[in-house]
Number of protein chains: 2
Amino acid sequence: MREAETGIHISLEVVCGKWKGLILWKLLHKDFVRFNELRRSIDGNISSRMLSRELTKLVEDGLVERLDHQQVPPRVEYKITTYGKTTAPFLNIMNQWGMKHKNLSVSKKEMADLMNSEAESNY
Amino acid sequence: MREAETGIHISLEVVCGKWKGLILWKLLHKDFVRFNELRRSIDGNISSRMLSRELTKLVEDGLVERLDHQQVPPRVEYKITTYGKTTAPFLNIMNQWGMKHKNLSVSKKEMADLMNSEAESNY
DNA sequence: CGGCATCCCGTCCGATACTG
DNA sequence: CAGTATCGGACGGGATGCCG
């Protein structure tokens, strides 16, 4: 716990990086997904190595549950925990924000300038 | 723009990393802050190098405005743009989430387990 | 005061290959 | 199918020092 942090820092530890957010996002909507199924469903072509690593962390942090049916060929399923589900609100908003400003990521400065010069929207 | 991304990825580009979120967070509540004033107000003892770097990026992306009063000694002020203000909703929620689960960051797995085993809260 | 330059390390992340 | 092993490049981020 150490010093007073803004909560934002805490949240970033959970969701930061290129993949964890996407993985949680998918698991929030899918419930019980197999490894490769999850892998294929994620945009951006994640490697099995990365998916494995990120899932391991998410399981360690209690956000995701791993279910290994002891089978050959292997059958492992992942499921978001109730704790993991608590991230839904801000993942939802992040997704909305991102979709809204998607076009900005093309030429950021210019479009942001344009937006700033327009009548202020109601935020 | 390239392929369809989940918005989450876009948002993460803006807020990810150790500092950008905190900086935006402070600027959302302060409006016109000088460099070192901002620096001191941020939890976690950010170095001037980092603050400078992150602010540069934020300015490039149109989220923050830089005002250099041409003075000696230097007087530079930073201000969040109207575009930058649109991040307020999810920064707020991220902060709330982080504050709520602050204790979890001590021993994550154990407390998450505990939480998961409790009656499901209403999310 | 508000930076930038340099060094240096750990982590992120992708590509490829391999295994039970 | 569900990973792990290995390599290597890119990036984040801390420490220190210097400058106008």
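Chain A is the first sequence line, chain B the second, and so forth, proteins listed ahead of strands; every chain is numbered from 1. Values in this document were obtained by computation on a predicted structure and should not be read as measured data.
Going from atom CZ of A/Arg53 over to atom P of C/dT11 covers 10 Å, rounded to whole Å. C/dG2 atom P lies 11 Å from atom CG of B/Leu55, rounded to whole Å. Rounded to whole angstrom, the span from the CZ atom of B/Arg75 across to the P atom of C/dC1 amounts to 12 Å. Distance B/Glu13 CD to C/dC12 P: 18 Å, rounded to the nearest Å. Straight-line distance from the CD1 atom of A/Ile46 to the P atom of C/dG14: 7 Å, rounded to whole Å. Distance B/His69 NE2 to C/dG3 P: 11 Å, rounded to the nearest Å. When rounded to the nearest whole Å, the span between CH2 of B/Trp19 and C1' of D/dC11 equals 17 Å. Here D/dT16 presents its P atom at 14 Å from CE of B/Met50, a figure rounded to the nearest Å.
Residue B/Ser52 places at least one side-chain N or O closer than 4.0 Å to OP1 or OP2 of C/dC4. For the OP1/OP2 pair of D/dG14 and a distance below 4.0 Å, the side-chain nitrogens and oxygens of B/Lys18 include at least one atom meeting the criterion. Close to D/dC11, at under 4.0 Å from its OP1 or OP2, lies no side-chain N or O of B/Lys57.
Among the protein residues, A/Lys20 comes within range of no part of the nucleic acid, since none of its heavy atoms lies under 4.0 Å from any strand. Within 4.0 Å of A/Ser47, counting heavy atoms only, lies no atom of the nucleic acid at all. A/Arg49 comes within 4.0 angstrom of a base, heavy atoms only.
Each of D/dG13, C/dG3, D/dA2 was ranked by its minimum atom distance to the side chain of B/Tyr78; first place goes to C/dG3. Nearest to the side-chain atoms of A/Asn36 among the listed nucleotides C/dG3, C/dC1, D/dC1 stands D/dC1. Side-chain atoms of A/Phe35 lie closest to D/dG3 of the nucleotides C/dC1, D/dG13, D/dG3. Between D/dC1, C/dG3, C/dC12, one nucleotide has an atom nearer to the side chain of A/Pro73 than all others, and that is D/dC1.
Contact check for B/Met99 versus B/Gln96: no side-chain heavy atoms found under the 4.5 Å cut-off.
A salt bridge does not link B/Arg39 with B/Glu37: none of the charged nitrogens is closer than 4.0 Å to a carboxylate oxygen.
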Trace of the side chain to side chain donor-acceptor pair (under 3.5 Å) decision for B/Thr87 with A/Trp97: CA-CA 8 Å; B/Thr87 61; A/Trp97 191 92; 5.8 Å; no

